[in-house]
Amino acid sequence: MSKIFATTSGKGGVGKSSVATGLGLAFASLGNQVLLVDMDEGLRCLDLLLGVDGEVVLDLSDALGTPNVSDIAYPCKTEGLYLLPSPSKYGLVTKEALEEFCNKAKKIYDIIIFDFPAGIDFTLYEALPKETVFLCVATPDPVSVRDASFVGAKLFELGLTARLIINRFNIKTHFKRKQKNIDGIIDASSIRLLGIVPESDEINLLSLRHRLKKNKKPFKAFVRIANRLLDKNIPLQKLKKI
Ligand SMILES: Nc1ncnc2c1ncn2[C@@H]1O[C@H](COP(=O)(O)OP(=O)(O)OP(=O)(O)O)[C@@H](O)[C@H]1O
Ligand SMILES: [Mg+2]
């Protein structure tokens, strides 16, 4: 049975698209057929991160109306990873069409990751299958953590499942903030922690390289998170090792 994930955050620029891409690369490296769906209507970006921007003619709005989703999805440079770019215009994705799309895509892909824009418009979240796990991305910054707590509470109210991913973790800043451990962040956000992604140029350079080096910390962090999402028991690392 396929697994469905969706990135979310109230505050913009916290790394949702980078996390969606990193997880897509990680799941594909574990041998899965992965579909990444860019939900940022009018402001697409995953095509740039994955290096298929020059090829994009069709997008999610075309896939909504077709019986075979895989005819529209673009194969990325990593085997097993496919992308549906977001429509270049806003407002083309309806709840009903998205629901139908999910039913079709679930028959083809092992993993589907929806990368949503920032904000608190959750209208389309309810169109996703009930088993969808919402990946609340936050940076360790207190503003972002408070924001994640708000999003988590809202998802809970809607009966949706949320997990926290802390992105841009930097051990030096962490100790400067006098947060001796990560518990403070988890408590403040009230969402179960799934994993921590380091601050790294590797991630910043995704739009240039379209991949992550397998022996570096960011890729390893994404593989650990992917395995946890596949229900494997992977303990959290010591902060110094992240
Ligand atoms: N762990 C990281 N280390 C270094 N840079 C990062 C990291 N995560 C994200 N960035 C950088 O932060 C910027 C914003 O990232 P990204 O576009 O993934 O955020 P977003 O939450 O998807 O933004 P939006 O809300 O606009 O959709 C990008 O320049 C990206 O390269
Ligand atoms: Mg984004």
Side-chain angles (χ1 to χ4, degrees), residues 5-26 35-53 56 59-60 76 81 83-88 90 93 112-122 124-125 134-141 143-148 150-152 154-155 162-174 182 185 189 191 193-214 216-226 237 239 241-242:
F5 307 108
T7 59
T8 176
S9 77
K11 190 179 181 310
V14 293
K16 294 175 296 302
S17 301
S18 306
V19 166
T21 303
L23 284 178
L25 293 167
L35 179 66
L36 273 170
V37 188
D38 193 335
M39 296 299 290
D40 210 344
E41 291 174 87
L43 294 168
R44 63 170 66 137
C45 85
L46 292 186
D47 54 326
L48 277 171
L49 297 189
L50 290 159
V52 300
D53 50 304
V56 171
D59 59 46
L60 173 61
C76 301
L81 183 59
L83 171 68
L84 265 180
S86 65
S88 50
Y90 186 79
V93 185
I112 306 170
I113 305 173
F114 291 91
D115 179 35
F116 277 94
I120 48 172
D121 179 0
F122 294 178
L124 291 177
Y125 290 11
F134 286 83
L135 308 172
C136 241
V137 181
T139 65
D141 177 74
V143 178
S144 176
V145 175
R146 186 170 61 187
D147 199 84
F150 176 79
V151 170
K154 190 91 182 123
L155 290 170
R163 293 286 179 270
L164 177 67
I165 295 182
I166 298 172
N167 184 34
R168 305 197 82 146
F169 179 79
N170 177 316
I171 192 86
K172 283 187 195 148
T173 326
H174 185 69
I182 217 80
I185 298 178
S189 73
I191 312 173
L193 179 68
L194 189 64
I196 303 175
V197 178
E199 166 86 30
S200 165
D201 275 351
E202 269 284 293
I203 297 179
N204 218 352
L205 292 174
L206 260 174
S207 57
L208 213 68
R209 296 183 180 154
H210 318 305
R211 64 188 189 89
L212 294 169
K213 290 190 183 130
K214 293 198 169 173
K216 299 274 183 177
K217 285 180 170 182
F219 186 75
K220 289 182 178 175
F222 286 123
V223 170
R224 278 196 300 276
I225 296 173
Q237 286 208 308
L239 292 184
K241 286 198 164 182
I242 289 167

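Atoms within each ligand, like the ligands themselves, are counted from 1 in listed order.
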Chemist: I want to know if ligand 1 touches Val197 in the polar sense, i.e. an N/O pair below 3.5 angstrom.
Modeler: no
Chemist: Heavy-atom contacts under 4.0 Å between Thr7 and ligand 1: side chain, backbone, both, or neither?
Modeler: neither
Chemist: Please find out if the Mg ion (ligand 2) and some N, O or S atom of Ser18 are separated by less than 2.8 Å.
Modeler: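 No.
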Chemist: Among Lys216, Lys217, Arg209, which one satisfies salt bridge (Lys or Arg N to Asp or Glu O under 4.0 Å) with Glu202?
Modeler: Arg209
Chemist: Start with the C-alpha gap between Glu199 and Thr173, add the side-chain angles, then the distance that decides, and say whether side-chain contact (heavy atoms from CB on, under 4.5 Å) holds.
Modeler: CA-CA 11 Å; Glu199 166 86 30; Thr173 326; over 6 Å; no
Chemist: So, 4.0 Å and heavy atoms of Ser9: is ligand 1 close enough to count as a contact?
Modeler: no
Chemist: Atoms of ligand 1 less than 4.0 Å from Glu199 heavy atoms?
Modeler: 1 (N), 3 (N), 4 (C)
Chemist: Quick test of your reading of the structure: of Gly15, Pro117, Ser17, whose heavy atom lies closest to atom 22 (O) of ligand 1?
Modeler: Ser17
Chemist: Checking a contact table here: which protein heavy atom is nearest atom 7 (C) of ligand 1, and how many Å away?
Modeler: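 That would be Ile203 CG2, 3.5 Å.
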Chemist: List every atom of ligand 1 that sits less than 4.0 Å from any heavy atom of Asn167, numbering the atoms from 1 in the order shown and giving each element.
Modeler: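 In order of number, 1 (N), 2 (C), 7 (C), 8 (N), 9 (C).
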Chemist: Hydrogens and angles aside, do Lys16 and Ser9 bring a side-chain donor and acceptor to less than 3.5 Å of each other?
Modeler: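 There is such a pair (donor and acceptor under 3.5 Å, judged by atom type) between the side chains of Lys16 and Ser9.
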Chemist: With only distance considered, is Phe116 within less than 3.5 Å of ligand 1 through an N or O on each side?
Modeler: no
Chemist: Check whether any side-chain N or O of Asp115 sits under 3.5 Å from a backbone N or O of Ala20 as a donor-acceptor pair, and report yes or no.
Modeler: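 Pair absent, no side-chain N/O of Asp115 close to backbone of Ala20.
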Chemist: Suppose we measure from atom 14 (C) of ligand 1 to each protein heavy atom; which comes out shortest, and what is that distance?
Modeler: Gly13 O, 3.8 Å
Chemist: Can you figure out which of Arg168, Lys16, Met39 has its heavy atom closest to atom 2 (C) of ligand 1?
Modeler: Arg168
Chemist: Do you know which of Leu46, Leu48, Leu36 makes side-chain contact (heavy atoms from CB on, under 4.5 Å) with Ser17?
Modeler: Leu46
Chemist: Would you mind listing which atoms of ligand 1 come within a distance below 4.0 Å of any non-hydrogen atom of Ala118?
Modeler: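 Reading through ligand 1 atom by atom, the close ones are 25 (O).
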Chemist: If you draw a 6.0 Å radius around CZ in Arg163, do more than 12 non-hydrogen atoms from other residues or ligands fall strictly inside?
Modeler: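 Atom CZ in Arg163 is crowded, with more than 12 foreign heavy atoms closer than 6.0 Å.
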Chemist: Pairs of nitrogen or oxygen atoms closer than 3.5 Å, one from Gly12 and one from ligand 1: do any exist?
Modeler: no
Chemist: Given the rule in the side-chain contact (heavy atoms from CB on, under 4.5 Å) test, do Thr8 and Cys136 qualify, once you have shown the distances and angles that lead to the verdict?
Modeler: CA-CA 5 Å; Thr8 176; Cys136 241; 4.0 Å; yes
Chemist: When you measure from the side chain of Asp147 to the backbone of Gly10, do you find a donor-acceptor pair of N or O atoms at a distance under 3.5 Å?
Modeler: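 Here the side-chain-to-backbone pair exists.
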Chemist: Looking only at non-hydrogen atoms, which of Gly10, Ser18, Ser200 approaches atom 18 (O) of ligand 1 most closely?
Modeler: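 Looking at heavy atoms only, the winner is Ser18.
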Chemist: How far is atom 29 (O) of ligand 1 from its nearest protein heavy atom, and which residue and atom is that?
Modeler: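 Of the protein heavy atoms, Asn204 OD1, 3.5 Å lies nearest.
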Chemist: Charged N to carboxylate O below 4.0 Å: is that the case for Asp141 and Lys11?
Modeler: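 A salt bridge is absent here (no side-chain N lies under 4.0 Å from a carboxylate O).
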Chemist: Would a 4.5 Å heavy-atom cut-off, applied to side chains only, mark Leu135 and Ile225 as touching?
Modeler: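 No, too far: nothing below the 4.5 Å cut-off.
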Chemist: Should the proximity of Pro198 to ligand 1, defined as any heavy atom under 4.0 Å, be assigned to the side chain, the backbone, both, or neither?
Modeler: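 The part of Pro198 near ligand 1 is the backbone, not the side chain.
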